[in-house]
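The model shown is predicted, which means the values in this text are computed figures rather than measured ones. Only this structure's heavy atoms are used, side chains among them; waters, hydrogens and symmetry mates stay out.
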Amino acid sequence: MAAATATTKKKRFSKKSKQSWRKHTDIKDVEEHLEEARREERTGGPVSEKPDEGLYFLDNKAEERKSTEGKSKDRSRKRKILKADQLLLPESKIKPIGSKKRKVPQKGKQRKDFSNSSTDSKVEEEKGKLVKAQINQNKPKTVAVFDLWGTQEDIPTGDEHFLSTTKRIEVRKPKTINRKTSKLVAVEVCSPGASYNPTFEDHQSLLQLAHDVELRKVKEIEKLKRQVKLLTAEEAANLPTWNEEMSQGLFAENDAEGDADESDYESTLAAPVRAFNRKTKQQRRKEKEKQEELKRLETERKEKMQQNEIFRLKALKKEMKIADEEAEKRREKKEIETSSLIKPKRLSRHKYESPDCEIQLSAELSGSLRTLKQEGNLFEDRFKSLQRRNIIETRLPVKPYRKYKQKTYTRKSYDKPCIKEI
């Protein structure tokens, strides 16, 4: 009996690692519970959370007994769903995303009027119009038939299909195409002194302008030379040594400064006050009264000036208006001078350099177009004009160079005699 009543012992497993926990732990009840929860969610949610109206309903209306004679007439003409088709229907009651269709109002059906207000009817009519317009837009557009190889007059240029397939579409222009980068003109007119037969005054003024430009360049070069000027042998020999430079002002000058400081301190000491030098009370009182009188006169003078300025308000306003106008003119002039639309911007690491002035000397003037000497280059002039107007960046020509030094090899057959020499 003891052997019969004895129960089988459960097997013991090691649960030291997560792998053994997963392998020997029974989670069937958890999986069944989760599967049941998913099924309830697919079929309209859990039963415990559903209201009573969703689970059952009360049928209070009695069924109308139909006569056997009109049974065939009242029978519904709709075909019943077969069991084979019913099994193929989806079990889930969750609606797919995006399956909601827009309700289109039909002419035959009459909508329920819940309110007698005119505003609701207007809103419904506007909604119906919008839906109709959307339906008309979605309809495929008919394409007109035409002869592609016909004359230009026969081709319907307004057809969208023709324009999208055969006509050359223009490149889309950027928004900044009409933005001005500079107020300078594209082609600057030369000075009258640059003519092939200029007057003496115009030619001299152009020569003076070119002379000023060259003189400015020479001054800049001289300034750079002065800044990086190298010492001669005599100047380098006369320079003080390191010890002399470091010991300057340590001994002799310090003694002289100490003597001067002592003399200044002695001179600043106040002289002793004697009995006959002391001021009496009467003298102090008179001095105080004199100071108060001077203050009173100063305040009276300031008050008088303020009263006089009140009577000359018109003149003051006029002066202020003139001063404001002059300040506005100076501000506008400064803005024009410093405006980026007049001066070239720094668009690259290279600074814009204006081209050389194109001139002809007095001896080179011919006075005739046939013997005219060519000055400048049109291509360079247009290139500089684009840089000046901030259309392209300032750039310099890149010369070819070698990244690594070229290697030279001496062949073994270099010193050998030639075949002809043999």
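Summarising the local packing, CE of M305 is surrounded by 12 or fewer heavy atoms from other residues, nucleotides or ligands at distances under 6.0 Å. For Q19, the CD atom sits in a loose shell: 12 or fewer heavy atoms of surrounding residues, nucleotides or ligands are nearer than 6.0 Å. Within a 6.0 Å radius of CG in L294, more than 12 heavy atoms belonging to other residues, nucleotides or ligands are found. Other residues, nucleotides and ligands place no more than 12 heavy atoms under 6.0 Å from the CD atom of E353. The number of heavy atoms from other shown groups lying within 6.0 Å of NZ (K183) does not exceed 12. Within a 6.0 Å radius of CG in L239, other residues, nucleotides and ligands contribute more than 12 heavy atoms. Other residues, nucleotides and ligands place no more than 12 heavy atoms under 6.0 Å from the CD1 atom of I81. At most 12 heavy atoms of other shown residues, nucleotides or ligands fall within 6.0 angstrom of atom NZ in K286.
The pair R38-E35 meets the salt-bridge criterion, since a charged nitrogen lies less than 4.0 angstrom from a carboxylate oxygen. Taking 4.0 Å as the cut-off between side-chain N and carboxylate O, E40 and K50 do not count as a salt-bridged pair. Between E220 and K223 there is no salt bridge, since no side-chain nitrogen of the basic residue lies less than 4.0 Å from a carboxylate oxygen of the acidic one. We find that E287 and R284 are not joined by a salt bridge, their nearest charged nitrogen and carboxylate oxygen being 4.0 Å or further apart. We find that K295 and E298 are not joined by a salt bridge, their nearest charged nitrogen and carboxylate oxygen being 4.0 Å or further apart.
Contact annotation: the side chain of L347 never approaches that of Y352 to less than 4.5 Å [non-hydrogen atoms, C-beta and beyond]. Using a 4.5 Å cut-off on side-chain heavy atoms (C-beta onward), E319 and I322 make no contact. Proximity of Q208 to D212: side-chain heavy atoms (C-beta onward) are separated by under 4.5 Å at one or more points. Annotation: side chain of S182 is not in contact with side chain of R388 (no heavy-atom distance under 4.5 Å).
Listed here is the closest heavy atom pair of H350 and T394: O-CB, 3.6 Å. Contact detail for C357 and L206: the closest heavy-atom pair is SG-CD1, 3.9 Å. Scanning all heavy atoms of the two residues, the minimum distance from S362 to L207 falls at OG-CD1, 4.3 Å. Here the closest heavy-atom approach between residue T371 and residue S366 is recorded as OG1-CB, 3.1 Å. The two residues E364 and K373 have their closest heavy-atom pair at OE2-NZ, 3.8 Å. Between L184 and I342 the shortest heavy-atom distance is CD1-O, 3.3 Å.
With rounding to the nearest 0.5 Å, the separation of OG in S348 from CD1 in I392 is 10.0 Å. Taking CD of Q283 as the start and OG1 of T280 as the end, the distance is 3.5 Å to the nearest 0.5 Å. Remark: E214 CD to L209 CG distance equals 10.5 Å, nearest 0.5 Å. Remark: E328 CD to E326 CD distance equals 12.0 Å, nearest 0.5 Å. Between the CD atom of Q374 and the CD atom of Q360 there is a distance of 10.5 Å, given to the nearest 0.5 Å. Distance check, rounded to the nearest 0.5 Å: CG of D202 to CG of N197 gives 11.0 Å.
No donor-acceptor pair under 3.5 Å is formed between the side chain of R22 and the backbone N or O of T25. Formation of a donor-acceptor pair under 3.5 Å by the E49 side chain with backbone atoms of P46 is not found in this model. Under a 3.5 Å cut-off, the side chain of S385 and the backbone N or O of A186 do form a donor-acceptor pair.
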Checklist line | V187/R382 under side chain to side chain contact (heavy atoms under 4.5 Å, CB included): CA gap, chis, key distance, verdict | finding: CA-CA 8 Å; V187 181; R382 293 297 86 216; 3.8 Å; yes
Next item on the list: Tell me, with the steps shown, if Q387 and K384 meet side chain to side chain contact (heavy atoms under 4.5 Å, CB included).
Entry: CA-CA 5 Å; Q387 291 179 355; K384 286 286 184 182; 3.9 Å; yes
Item checked: Verdict with supporting geometry, V30 and H33, side chain to side chain contact (heavy atoms under 4.5 Å, CB included) -> CA-CA 5 Å; V30 179; H33 174 70; 5.7 Å; no
Check: Can D356 and K217 be said to form a side chain to side chain contact (heavy atoms under 4.5 Å, CB included), step by step?
Finding: CA-CA 11 Å; D356 297 332; K217 290 180 181 179; 3.2 Å; yes
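Checked against side-chain hydrogen bond (donor to acceptor under 3.5 Å, both in side chains), E41 has no partners two or more places apart in sequence or in another chain. Residues satisfying the side-chain contact (heavy atoms from CB on, under 4.5 Å) test with E293, not counting sequence neighbours, are R296, L297.
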